[in-house]
Amino acid sequence: MNGQDPLSQLRDIQLPETGGWWPPAPGWWALLILLCLFVVGSRLWWRRRRQQSQWRRDALAELKQLEKRAEPHPDWFGELNALLKRAARHAFPEQRPESLSGNAWREFLLETMPTGTGDEEAVEAMITACWQPVPTLPPSKAAAIAKAWLEARS
């Protein structure tokens, strides 16, 4: 070997050591922050939506209790109409439906009723059953109308 040969003095290529997995690159930090914001935002949205529809779940539970003790009595129909008015107050607060009665209440129910769930005669019978000594509408039919109305308010 010649001492004057500069190529003989070169060493092999030395690769740098790997950086390891910690700390992550800035892109991973940004992704983690976005993921956390998405999770927190989704949770807040779900919680708010659930709170806004709590009245509907409560009304359906109360309707189920009413169905268990259904009887063709004016008081039962009065409780059913009161339940629907409380639910309508939450669903349509700007229209103040809790103050409606008679034909105005019937028209409100028919306007807000989902299509194909209740006919005009059944809704009329459900409302007037509060004042009749012997209601003409079976309680099961009235409860079905009320349930369809409540379930449409999602």
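Positions are given from 1 along the sequence.
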| message | Using side-chain heavy atoms (C-beta onward) and a distance below 4.5 Å, is Arg50 in contact with Arg47? | response | no
| said: Within the 4.5 Å heavy-atom criterion, are Trp131 and Pro74 side-chain neighbours or not? | reply: no
| request: Applying salt bridge (Lys or Arg N to Asp or Glu O under 4.0 Å), name anything that partners Glu107, two or more places apart in sequence or on another chain. | output: none
| field | Any pair counted as salt bridge (charged side-chain N to carboxylate O under 4.0 Å, His left out), so long as it reaches residues 17-38, sequence neighbours left out | value | none
| said: List the residues meeting side-chain contact (heavy atoms from CB on, under 4.5 Å) with Ala87, not counting sequence neighbours, and say none if there are none. | reply: Trp55, Ala59, Trp149, Leu150
| task | Just jot down the salt bridge (Lys or Arg N to Asp or Glu O under 4.0 Å) partners of Arg86, sequence neighbours excluded, or say none. | result | Glu62
| Partner residues of Ala70 under the side-chain contact (heavy atoms from CB on, under 4.5 Å) criterion, sequence neighbours left out | Trp76, Pro139
| query | How far does CD of Glu111 sit from CD of Gln95, to the nearest 0.5 angstrom? | reply | 7.5 Å
| query | With ILVMFWY side chains joined below 4.5 Å, transitively, what does Trp46's cluster contain besides itself? | reply | Trp45
| note | The complete set of salt bridge (charged side-chain N to carboxylate O under 4.0 Å, His left out) pairs with one or both residues in residues 31-42, sequence neighbours excluded, reads none
| task | Output the rest of the hydrophobic cluster of Trp21: all Ile, Leu, Val, Met, Phe, Trp and Tyr residues reachable through side-chain heavy-atom contacts under 4.5 Å, sorted by chain and number. | result | Trp22, Trp29, Leu32
| request: Under the salt bridge (Lys or Arg N to Asp or Glu O under 4.0 Å) rule, collect the residues that match up with Arg48, sequence neighbours excluded. | output: none
| request: Could you tell me the separation between the CD1 atom of Ile145 and the CG atom of Leu137, rounded to the nearest 0.5 Å? | output: 6.0 Å
| said: Return the CE to CZ distance between Met113 and Phe108, rounded to the nearest 0.5 Å. | reply: 10.0 Å
| remark: Rounding to 0.5 Å, atoms CG (Leu84) and CD (Glu98) come to a distance of 13.5 Å
| note | In this structure, CG of Leu109 is separated from NZ of Lys85 (nearest 0.5 Å) by 9.0 Å
| message | With a 3.5 Å distance limit and no angle check, can you tell me whether Lys147 reaches the backbone of Lys64 through a side-chain donor-acceptor pair? | response | no
| Contact summary for Pro135 and Pro72, nearest pair of heavy atoms | CD-O, 3.5 Å
| note | Closest non-hydrogen contact found for Glu79 with Leu66 is OE1-CD2, 3.4 Å
| Arg69 atom CZ: more than 12 heavy-atom contacts under 6.0 Å | yes
| said: Going by side-chain contact (heavy atoms from CB on, under 4.5 Å), name the residues that satisfy it together with Gln54, two or more places apart in sequence or in a different chain. | reply: Arg57, Asp58
| task | Taking all heavy atoms of Ala143 and all of Leu63, pick out the closest pair and write down the distance. | result | O-CD2, 3.9 Å
| task | With rounding to the nearest 0.5 Å, note down the distance linking CZ in Arg106 to OG1 in Thr128. | result | 10.0 Å
| query | Do Leu34 and Phe38 come close enough that some side-chain heavy atom pair is under 4.5 Å? | reply | no
| said: Which residues end up grouped with Leu31 if you chain together Ile, Leu, Val, Met, Phe, Trp and Tyr wherever their side-chain heavy atoms are less than 4.5 Å apart? | reply: Trp28
| Excluding sequence neighbours, so at least two apart, what forms side-chain contact (heavy atoms from CB on, under 4.5 Å) with Asp75? | His73
